[in-house]
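Proteins come first, then strands; the chains are lettered A, B, ... in the order of their sequence lines, and each starts at number 1.
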Protein chains: 2
Amino acid sequence: MKEISNEQLFIHVVESGSFKKAAELLAMDPSLVSRRISSLEKRLAVKLLQRSTKNSFPTEVGEQYFVELQKLLEEQNALENRIKATVNEATGHLKVAAPHDFGTFFISDILENMVEHYPQLTVELVLGSQFENLAAEGIDVAVRIGKLPDSSLICRRIGEVPRVLVASPEYIAQQGEPRSVRELEQHKFVFYKRSQMYEAVTIAGQRLHLSGSFVVNSVSAIRQWVLNGKGIHLGPVWAFRDALDTGALQRVLPEVELESFPLHAIYVSRAYVPAKVRLFIDLLSSTLSGNHFQRV
Amino acid sequence: MKEISNEQLFIHVVESGSFKKAAELLAMDPSLVSRRISSLEKRLAVKLLQRSTKNSFPTEVGEQYFVELQKLLEEQNALENRIKATVNEATGHLKVAAPHDFGTFFISDILENMVEHYPQLTVELVLGSQFENLAAEGIDVAVRIGKLPDSSLICRRIGEVPRVLVASPEYIAQQGEPRSVRELEQHKFVFYKRSQMYEAVTIAGQRLHLSGSFVVNSVSAIRQWVLNGKGIHLGPVWAFRDALDTGALQRVLPEVELESFPLHAIYVSRAYVPAKVRLFIDLLSSTLSGNHFQRV
DNA sequence: TTAAATAAATGCAAAAAATGCAATTAATCG
DNA sequence: CGATTAATTGCATTTTTTGCATTTATTTAA
């Protein structure tokens, strides 16, 4: 038997004209229909249906109740369908958090694309946020590159960001080209974000202490500095690929295999992932298999 | 436990802000709330609430669902009330809120009377309640004396409570009898409810600053103090009529016309007032035209 | 950082309700 | 007036709901 409310059952009985027909239609026992209608009548303290042997028809109040209830139940049903549809179709508002530069370069395009295809969708991009508490800030997905903090949130590994050692030809001309990983310690580096001037990093299994005078938490700024010959940088391929192609920058130790950074999508619930979030992650995934993210 | 649909329960959880609060409000086990919300979420295949320890709040779909569902359920509820109201008999449960003393003196009798005549009816009297939210507390009618707060509720003016200035003969003997309204400022007063010792009040067009040491939010207590000679009081006639009749108290400035307090019945719906509520208001109306409420 | 406090979820057994079958009642039609 | 058919009711069974105790998770306080 199908689960159905007493109110809906009443609608069916009125529409079909008798308890029995309604029962048949809904594959229920007539006795059950009787009992449930009685129960509804008792609750409302009103007689809704005038029974007879041949057929049952609504009383005056029953008719009034029927007309208005039908309308309301239909609206409620429509509402439920709308809600259910959000699982299958990207609608509502999607709020994404991402690292500043990565977001600027890639996420903004993805979101633009989504809105084009799903006019019901509105988007919001939070760049550079620390997203301490996704739920509290209303963030649907956070994109994070690098190691993950402990958290109860759901992390899905989307792909990885290959890295590269780059410097400007001018810098190489002045300082000479490093011949080995160890030699990197004698060079000037441009750093992303870390507040110390000296960074301990492991390259090709060797733990190095790199030094340099420039630190910033912006990939664009780094790029500028590197282009201006301020030092070597170990950064994501996507940020330097064009400069490498035009020769504005050149690779350092190209034969050395560098570890990629993992890229994760972080979101709240595992069970009910809204369509907008699933779609976003799919698109992000596609982006990561695109040109920009191949190793050089 | 009260029978309530999962949808209505969801509304309650959103309104109260957490599963626990909703559970308390509805006198159900929190685990039950949890299970039923989960059941609703499962049926809609959507996560409606973002849970946390302190409080739970709706997700985006949850919010959308809440807004629209609330509207529909209210309409459905109104429909049911309309249907129920077609019955002319006072039945069901009548919950009345009233000021403490007034309720004790008059409302309790009215309710007793109603139950006697309508055995189908059960009654509940909430005394001294601030009745912030009639609907939420399940109050059918609230009786209020004095000025009304702004509200979307229906207020019907039932009548008025005439007032009188009273004092004990002992007090008059000690302090002398005031000869003019202005002289009242030299006297000690006993106050109802106000937290300040000095009350600005307008009597016969003159704005006065009355003072006194006694303040309480109980008419019975006031009565006691006035009888004990603690001061003059400006209060409802009904509370002092017997004492005036026996001479235990006497009027002060009897020739001065005092403004009456209006008495209102406050209830929710204008269109379909249930028989029990109509009856109550009628009876209250009769009471107000009775002896106790004539001017002295 | 850890521990305490508190909300929410879950396992399980008891309680309550819904359900189906069979029998009964009621009403129309021949 | 009896036959027919719909609606109702009694009763046993199944299913669901519910509450308690416990566990899990998360926030606040120390």
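Identified under the salt bridge (charged side-chain N to carboxylate O under 4.0 Å, His left out) test for residues 37-46 of chain B, with sequence neighbours left out: Glu80(A)-Arg43(B), Glu7(B)-Arg43(B), Glu41(B)-Arg51(B).
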Legend entry - Nucleotide-resolved protein contact map, nucleotides 3-13 of chain D, B/S/- at heavy-atom distance under 4.0 Å: --BSSBBBB--

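Under the salt bridge (charged side-chain N to carboxylate O under 4.0 Å, His left out) criterion, Lys47(B) pairs with no residue, sequence neighbours left out. Under the rule for a salt bridge (charged side-chain N to carboxylate O under 4.0 Å, His left out), Glu74(B) has no partner lying at least two apart in sequence or in another chain. Every residue meeting the side-chain hydrogen bond (donor to acceptor under 3.5 Å, both in side chains) condition with Glu60(B), not counting sequence neighbours, appears here in chain and number order: Lys276(A). The salt bridge (charged side-chain N to carboxylate O under 4.0 Å, His left out) search around Arg207(A) returns none, not counting sequence neighbours. For Lys21(B), the side-chain hydrogen bond (donor to acceptor under 3.5 Å, both in side chains) criterion is met by no residue, not counting sequence neighbours. Residues passing the salt bridge (charged side-chain N to carboxylate O under 4.0 Å, His left out) test with Lys95(A) are Glu124(A), sequence neighbours excluded.
Distance Gln50(B) CD to dT26(D) C1': 12 Å, rounded to the nearest Å. Put simply, CZ on Phe57(A) is 10 Å from P on dT28(C), counting in whole angstrom units. The distance from atom CG of Leu48(B) to atom P of dA8(C) is 15 Å, rounded to the nearest whole Å. Here dT19(C) presents its C1' atom at 15 Å from CG of Leu26(A), a figure rounded to the nearest Å.
The end-to-end axis angle of the helix from dT1(C)-dA30(D) to dG30(C)-dC1(D), rounded to 10 degrees and based on five pairs per end, is 30°.
Between Phe10(A) and Tyr65(A), the ring centre distance stays below 6.0 Å.
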